Amino acid sequence: MSSLTGRASAVACGLILLLSLQIVAQVPSPRSVLGFQPTDDRTIADWAQITDYFAKLDRASDKVLVREIGKSTLRKPMIAAFISAPANLRNLDKLQRISQKLADPRRVANPAELEGLIKDGKTIVSISCSIHSTEIVASQMSMNLAYELATAADDETREILENTVLLLIPSSNPDGIQIVADWYRKTLGTKSEGTSPPELYHHYAGHDNNRDWFMLNLAETQAITKLYWQEWFPQFVYDVHQMGQTGPRFVIPPFFDPPNPRIAPSILREVGLVGYKMAADLQAKGIAGVATNTTFDTWWHGGFRSAPYYHNSIGILSEAASADLMSPVTITREQLQRSRPARGLPSPLATDTAHPDAWEGGVWRPRDIAEIEMTASRALLSLAAKYRGRYLRNFYELGRANVQPDTNAPQAYVVMAGQPYAETVARFLEILKWQGIEVHRMTRELWVKHSKTEDFHEIPLNSFIVFTNQPQRNNILSLFEKQVYPNRVNANGEPDPPYDVAGWTLPLQMGVETYEIWDIRDLDKHRGTLTKVENIDQARAVLNLEPGGGPFAKFSNPLRTQPRIGLYKGNSGSMDEGWTRLVFDNFQMPYRSVTDTQVKSGELPYDVIILPADSENSIIRGLNADRYPAEISGGIGDGGATNLKKFVENGGKLICFDDSCELVIKRFGVPVKNVLSGVNRREFYNPGSVVKLDVDTKHPLARGMPEEAAAYFTNSSAFDVAQDANVRIVARYAGKDALMSGWMLGESRINDKAAMVEADLGKGKLIMFAFRPQHRGQTFGTFPLIFNSLEK
Ligand SMILES: [Zn+2]
């Protein structure tokens with residue numbers, strides 16, 4: 001090589017370096033926009049700053065495109081940053097169409113077309129941060145991740161950008177990011193620094209915002225469900241969480257048992273593979289305390305990362321140990337020693353194959369969390385990029401298997417015509433349709449078999465049919481069928497609790513009448529008489545309902561009287577209170593929130609007050625004064641409880657949901673006892689199941705209810721009622737076979753026990769629900785019991 005050429009290439013290199021530096025210089029770093037490095041100690045970017053940063057990144061980088069995907073509950077913009085190679089971003093429409101076709105193999109004409117789609121398609125990956133807003137670090141980290149992908153020039157990054165389209169959601173709960181940032185700033189340097197805000201971080205759902213992914217009650221769930229399952233069909237969905245402080249540092253898949261049998265085995269394997277890639281990359285960096293196969297299972301449906309399994313997609317959850325919001329903490333070895341054993345991991349100091357390198361304690365900073373989450377995100381992206389073709393083909397194949405006939409599953413489900421609550425039926429169908437499930441209506445009667453063995457029955461015109469041979473077969477089955485949780489009891493007779501609930505069968509929860517169909521007589525002859533429901537107003541028309549006027553339209557107020565309704569709202573942030581508000585708002589029923597101060601004052605100008613399902617202790621004691629300012633700590637106190645009793649004695653009505661009945665039983669002297677109080681889990685256990693009620697339909701509070709109804713029970717109560725003219729039982733748990741879906745040990749403890757009671761007290765009334773009549777806003781079937789209770 002001559003010196004001249006050498007010099008020329010050095011000059012050329014310098015030029016290229018200069019040019020690329022210029023391009024890099026134009027892309028703003030998070031620090032340059034925010035004035036601090038996100039994830040540094042005691043810094044926090046609120047939602048306005050995060051969206052501002054992403055908007056600037058969008059303008060400056062041809063690798064980042066930011067789109068608004070909807071509005072949050074409190075009307076903040078929700079955003080997704082599409083991050084990919086510039087050529088891919090210019091081709092987004094085409095890439096989206098490819099993903100849509102791969103998601104529905106019926107739209108792929110022939111093998112040649114399939115090969116073309118796989119050749120041209122990109123792996124669609126979504127990473128969503130901080131749905132639980134106190135698990136704040138990922139939302140801050142998302143800016144660093146986006147900047148790094150937009151500016152890094154290494155081979156791995158280039159491969160990621162060329163082969164994947166990343167839909168990065170800086171937070172799936174923007175309202176909560178704002179709430180947490182405001183509280184954190186306000187309390188920085190005070191005794192409250194690093195505490196959770198004294199309100200729900202999702203307006204209605206708090207932590208339960210990650211329990212809504214098949215029900216779609218919340219604006220955020222609706223927006224992201226649309227993005228994922230109507231538009232983009234990601235092959236990967238990664239939801240980034242944090243957990244407690246004194247366990248392992250990071251928990252990732254493979255998950256703990258039991259798996260849900262409706263999740264394709266290959267999905268479980270792919271989930272495990274991603275977890276191990278993350279674990280291996282973290283270990284290579286020398287990061288200790290990474291655990292797999294612990295705590296979190298794949299049983300339950302309805303989580304951000306579990307709903308994707310039912311769309312043939314690979315859902316990943318990670319849980320990092322928390323700091324105190326953005327303030328560092330010091331965790332001692334002793335604290336780790338004392339840490340409660342988790343499922344599959346006896347101690348964070350124990351080592352085994354699933355946790356080979358224990359973290360021994362020390363300072364734990366937001367930056368540590370961010371580094372782990374960045375590494376995990378890149379591990380996923382790199383896998384998705386490297387095996388792009390494989391992932392696209394597997395995604396297609398899963399959908400293809402689901403559209404084949406399966407003689408071991410019902411052929412379809414029928415949603416029966418002529419049900420009393422047409423609006424509920426319409427909402428049920430809308431929930432199915434919104435997540436991409438196809439629904440058909442009938443233009444003539446059909447004869448069907450409801451089981452393999454029985455004779456054909458006629459199903460009436462105006463029923464709806466949901467065939468199971470759709471790409472989402474597993475979703476349909478999981479929503480319609482009864483869950484049978486495996487009987488996981490250890491040698492001591494103690495149940496191994498599922499991570500969340502055990503049963504959720506949607507038609508049961510909503511009180512919608514559906515049946516399995518195992519055969520349709522002359523289906524081929526009648527296929528032309530089945531019409532696909534294209535939009536929910538078509539279904540509403542069949543149900544004789546006016547057009548809804550938009551997705552998830554509100555219902556009309558069901559009350560005949562105009563009671564002054566007060567809903568108790570403490571400062572601890574009660575999810576059950578939030579869900580109650582959601583139901584009232586959705587049904588456009590006026591109410592006011594009742595604060596601790598009001599209860600303490602005794603000024604209670606209401607006809608009816610509701611105590612949501614909170615323990616006596618949390619209502620009476622409230623937030624701890626050691627960490628929270630005096631004006632918001634302390635609950636209603638003993639004086640407040642006395643005032644509530646006086647409110648009833650003077651003619652008011654008090655409605656208690658489940659846990660809050662404890663307060664009334666202990667303090668009001670009613671002849672009602674919770675038979676499950678103090679009973680250990682070996683004797684009775686029900687972590688979240690649908691149970692059968694026998695309803696006294698002659699009682700006015702049961703107006704509009706069927707004699708046999710489904711109710712939601714989650715570590716709930718069951719009442720023994722003394723013979724007393726002042727106490728009436730409105731509903732009982734069924735005398736036998738009370739479990740309809742889920743898991744229940746020791747059922748005889750609740751058989752025939754009272755589930756809903758009305759009691760006179762002075763001039764007023766107490767109405768006590770032993771179960772959850774509006775659990776997570778899902779149990780439409782028992783809403784009428786609430787509405788009747790509210791009437792004057
Ligand atoms: Zn979480």
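First listed ligand is number 1; within each ligand, the first listed atom is number 1. What you are looking at is a predicted structure, and each value in this text was computed from that prediction instead of being measured.
Here 4 is the count of protein N, O or S atoms positioned under 2.8 Å from the Zn ion (ligand 1), waters not counted.
Within the cation-pi definition used here (under 6.0 Å to the ring centroid, within 45° of the axis), Arg305 does not qualify as a partner of Phe296. Both the sub-6.0 Å distance and the 45° axial angle are not jointly satisfied by Arg262 relative to the ring of Tyr310.
Of the possible polar contacts, one joining the Gln472 side chain to the Gln435 backbone as a donor-acceptor pair under 3.5 Å is found.
Checking Asp576, Asp212, Asp208 one by one against Arg776, the salt bridge (charged side-chain N to carboxylate O under 4.0 Å, His left out) holds for a single residue, Asp208.
Proximity of Leu200 to Glu577: side-chain heavy atoms (C-beta onward) are separated by under 4.5 Å at one or more points. Inter-residue side-chain proximity for Lys191 and Asp626 is flagged as unmet; no heavy-atom pair is nearer than 4.5 Å.
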